[in-house]
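Data first, discussion second: the structure below is written as structure tokens.
These numbers come from the heavy atoms of this one structure, side chains and all, not from hydrogens, waters or symmetry mates.
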Amino acid sequence: MTQNTPGGRQFSGPRCIALVGPFQSGKTTLLEAILARMGVLQRQGTVAAGSTIGDASAEARSHAMSIEANVASVDFMGDTYTFIDCPGSIEFLAEMRPALPAIDAAVVVCEADEKKVPALQLILRELEDLKIPRFLFLNKIDNAHHGVREALPLLQPASRLPLLLRQIPIWKHGVAVGYIDLALERAFIYQEHAASQIVDIPPDEQNESKDARYSMLERLSDHDDALMEQLLEEVEPPRDQVFDDLAHELRDGLAVPVLMGSALNGNGMLRLMKALRHEAPGITETAARLGVAPGSEPLGYVMKTFHTAHAGKLSLTRILSGSFQEGMTVTTTSGDSGRIAGCARLLGQTTQKTGQAGPGDTVAFSKVDVAHTGDMLAIGKAVPSPVATQAPQPVMALAVRARDRKDDVKLTAAIQRLLDEDLALSVEQNAELGDIILRGQGEMHLRVAVEKLASKFGVAVNSHVPQIGYRETIRKAVTGVRGRHKKQSGGHGQFGDVVIDVIPLSRGEGFAFIDKITGGVVPRNYIPSVEEGVKQYLRRGPLGFPVVDVGVSLTDGSYHTVDSSDMAFQTAARIGMSEAMPQCSPVLLEPVLSVDIAVPSDATAKANAIVSSRRGQILGFDARPGWEGWDVVQALIPEAEITDLIIELRSATSGVGTFKAKFDHLAELSGRQADTIVASRQAAQ
């Protein structure tokens, strides 16, 4: 559907809008208020009561927070608007990333609170990097501690683009009872459960209204010479020209319009919807941003994957071009093909069957099992490359095992579904310890993952902090140690005899086996068995950990023509190693990681103190590239001290600090701490 608006602007078709913003800024409440204002809901629910369309999962209700994207579609003035309500917690921020490339615009929900500016900056950076048009919705205006015009300088450091104030509130006895629209030059008084009432601008608000409007026009004139001339000549610009400039500034990434309201009270919803309708771009511009030419073959982008109990796998897909319908076979980016079993619009956890979808629609395809988040879906064999959606590096880990051993296979399948839904989770199998290691974005992220395994996929697990990959090595060499295995038990016996030297190697060299046998005292065919026996022993040294950076030389030995065997020489080698290693001054090694910690600059001193308290070595710090007001601290920290680092770091940075870590080296660990670790390991074995 195409609409002509004043000034000749045209806006058409379904829209897809992301609701993003810092934790507890009111995004889910805003979605609820929009649904109620559009007549989808008879009554607006609340997060506190657990009665919202979004956050309907058991985990979201239990923790009173968004833990995954919520989706709802509404009709407004003949067009469909699909809203994707994204979690604001940094631990679940990755839920937002794969959805962003295919949205038309974002509504950034925030408060006039300088303490949340770093969190707001995190959100805006994601949108800025992808060049997503965005509105700022100043929520909870009824509880604001700052005047709106005073709040903008507080929030501006979070945005690379200038914030453009579009409304100012009307105050009565310290309460925001309405607003003045600076573009329309009209005043509106909020009405409970109804559209705002248009009134004359109150006399005591007229001067501030004129000042605020002039500031808005002055900002618009930076990119409109005609408007600049009109302002200089004190000529009132036509209203249509003002709206054209507002749409132009949004679409071309020149400014961020700022609207306001109270989601909890349902105030400001209609004005927000009209701004989205008249100013946000549509699917044509969005497809072009993704490199999809007009009139292309049917093409869709998978924004999110859900696994449901009744409908199976759902692939939330934005249609970029062409049309799709039930029964069609689609091809993914990887070349796999699958059939669309169903096509539906989403309203929270309920589906509304549509059967087909055209350009701009955001629908859920059911049971396209080959599709994954970030995939392009096409009809035929030619499929464009997927949109790059980089998963964040994990900052915390949890070891899990099925509570009931018969669920081991079921657990593997359940974790795979978790990974399919959540790109921020990763998994590895620790063969040494027999654990499955889940890695994620923080304590709550991993806790929710464990809860989902039980409630959603029916696999209860036990969890614990993963064990650290300690190693051991030796400080001195020993020579001429004999290992002899001789056993007679009727018939063929067992005989193997070796003499070995054990020497320390430089850190990082690993393991070396040197054959120094002369004269055939150990036959050639048994030498690989000796090496294998040595390796078997090194899997657990005298301290109880795998041994590294050790060289073993086979210098002498003997054999029996009948009783010697591969197994006998393996056993002899293990005996020789068990005799030699305790004499080599074994020492414990702990892994040390290279860590880059990103924090707001006012928290850099706290980050340094945290590093020092965790036996870390600070290498230096510098400004974070492209992030005004942020620093990156470089440090070396033992892996044992990083298991819960993210908890303390976020506590010290209002929830926004993070880090990246990679293995750097193994370092010797001695003293009481080493003794405790060794004793604990030996007790466990």
Search all heavy atoms of [X] against all heavy atoms of [Y] and return the closest pair with its distance.
{"X": "Arg186", "Y": "Ile198", "result": "NH1-CD1, 4.3 Å"}
{"X": "Glu32", "Y": "Gly54", "result": "OE1-N, 4.4 Å"}
{"X": "Val292", "Y": "Ser321", "result": "CG1-OG, 4.1 Å"}
{"X": "Pro238", "Y": "Gln230", "result": "CD-NE2, 4.0 Å"}
{"X": "Ile180", "Y": "Ser209", "result": "CG2-OG, 3.6 Å"}

Could you list the residues that satisfy ring pair (Phe, Tyr, Trp, His ring centres under 6.0 Å) with [X], not counting sequence neighbours?
{"X": "Phe188", "value": "Tyr179"}
{"X": "Phe137", "value": "none"}
{"X": "Phe324", "value": "Phe365"}

Is a side-chain donor or acceptor of [X] paired with a backbone partner of [Y] at a separation under 3.5 angstrom?
{"X": "Glu111", "Y": "Gly26", "value": "no"}
{"X": "Arg289", "Y": "Pro101", "value": "yes"}
{"X": "Ser221", "Y": "Glu218", "value": "yes"}
{"X": "Glu249", "Y": "Leu246", "value": "no"}
{"X": "Thr52", "Y": "Gly45", "value": "no"}
{"X": "Arg61", "Y": "Gly50", "value": "yes"}
{"X": "Glu128", "Y": "Arg160", "value": "yes"}
{"X": "Glu59", "Y": "Ser62", "value": "no"}
{"X": "Asp113", "Y": "Lys115", "value": "yes"}
{"X": "Thr284", "Y": "Gly282", "value": "no"}

Quick check: do [X] and [Y] have side-chain heavy atoms less than 4.5 Å from each other?
{"X": "Arg213", "Y": "Leu217", "answer": "yes"}
{"X": "Ile67", "Y": "Ser57", "answer": "yes"}
{"X": "Thr653", "Y": "Lys606", "answer": "no"}
{"X": "Trp171", "Y": "Pro202", "answer": "no"}
{"X": "Lys116", "Y": "Phe23", "answer": "no"}
{"X": "Met444", "Y": "Met65", "answer": "yes"}
{"X": "Val71", "Y": "Met303", "answer": "no"}
{"X": "Thr351", "Y": "Leu346", "answer": "yes"}

The complete set of salt bridge (Lys or Arg N to Asp or Glu O under 4.0 Å) pairs with one or both residues in residues 80-108, sequence neighbours excluded, reads Glu91-Arg650, Glu95-Lys304, Arg97-Glu126, Asp104-Arg318
Using salt bridge (Lys or Arg N to Asp or Glu O under 4.0 Å) as the criterion, list what pairs up with [X], not counting sequence neighbours.
{"X": "Glu628", "result": "none"}
{"X": "Glu443", "result": "Arg447"}
{"X": "Glu233", "result": "none"}

Strictly by modelled atom types, are Thr28 and Ser66 linked by a side-chain donor-acceptor pair under 3.5 Å?
yes
How long is the span from the [atom1] atom in [X] to the [atom2] atom in [Y], to the nearest 0.5 Å?
{"X": "Leu259", "Y": "Asn139", "atom1": "CG", "atom2": "CG", "result": "12.0 Å"}
{"X": "Thr658", "Y": "Gln393", "atom1": "OG1", "atom2": "CD", "result": "8.5 Å"}
{"X": "Leu220", "Y": "Leu227", "atom1": "CG", "atom2": "CG", "result": "6.5 Å"}
{"X": "Ile53", "Y": "Leu35", "atom1": "CD1", "atom2": "CG", "result": "6.5 Å"}
{"X": "Ser73", "Y": "Asp361", "atom1": "OG", "atom2": "CG", "result": "8.5 Å"}
{"X": "Leu231", "Y": "Asp224", "atom1": "CG", "atom2": "CG", "result": "9.0 Å"}

Just checking [X]: does its [atom1] atom have more than 12 heavy atoms from other residues, nucleotides or ligands closer to it than 6.0 angstrom?
{"X": "Phe621", "atom1": "CZ", "value": "no"}
{"X": "Asp204", "atom1": "CG", "value": "yes"}
{"X": "Glu236", "atom1": "CD", "value": "yes"}

inquiry  = Assess the residue pair Asp79 and Arg15 against the criterion (salt bridge (charged side-chain N to carboxylate O under 4.0 Å, His left out)); give the C-alpha distance rounded to whole Å, side-chain angles, the decisive distance to 0.1 Å, and a yes or no.
reply    = CA-CA 8 Å; Asp79 283 329; Arg15 309 292 177 84; 5.2 Å; no
Q: Check step by step if side chain to side chain contact (heavy atoms under 4.5 Å, CB included) holds for Leu161 and Arg134.
A: CA-CA 10 Å; Leu161 295 181; Arg134 50 206 172 274; 3.1 Å; yes
Verdict with reasoning, Val256 to Val108, per side chain to side chain contact (heavy atoms under 4.5 Å, CB included) = CA-CA 10 Å; Val256 179; Val108 184; over 6 Å; no
Verdict with supporting geometry, Val632 and Asp622, side chain to side chain contact (heavy atoms under 4.5 Å, CB included)
CA-CA 5 Å; Val632 176; Asp622 204 347; 5.8 Å; no
According to side chain to side chain contact (heavy atoms under 4.5 Å, CB included), who are the partners of [X], at least two apart in sequence or on a separate chain?
{"X": "Gln356", "value": "Gln325"}
{"X": "Ala158", "value": "Val117, Leu120, Gln121, Leu124"}
{"X": "Ala119", "value": "Pro22, Val656"}

Residue pairs passing the side chain to side chain donor-acceptor pair (under 3.5 Å) test with at least one member in residues 257-273, sequence neighbours excluded, are Asp142-Ser262, Asp142-Asn265, Asp181-Arg271, Ser262-Asn265
Ring pair (Phe, Tyr, Trp, His ring centres under 6.0 Å) pairs touching residues 78-117, sequence neighbours excluded, are Phe92-His445
- Show your reasoning for whether side chain to side chain contact (heavy atoms under 4.5 Å, CB included) applies to Leu299 and Met376. CA-CA 7 Å; Leu299 188 66; Met376 288 287 189; 4.2 Å; yes
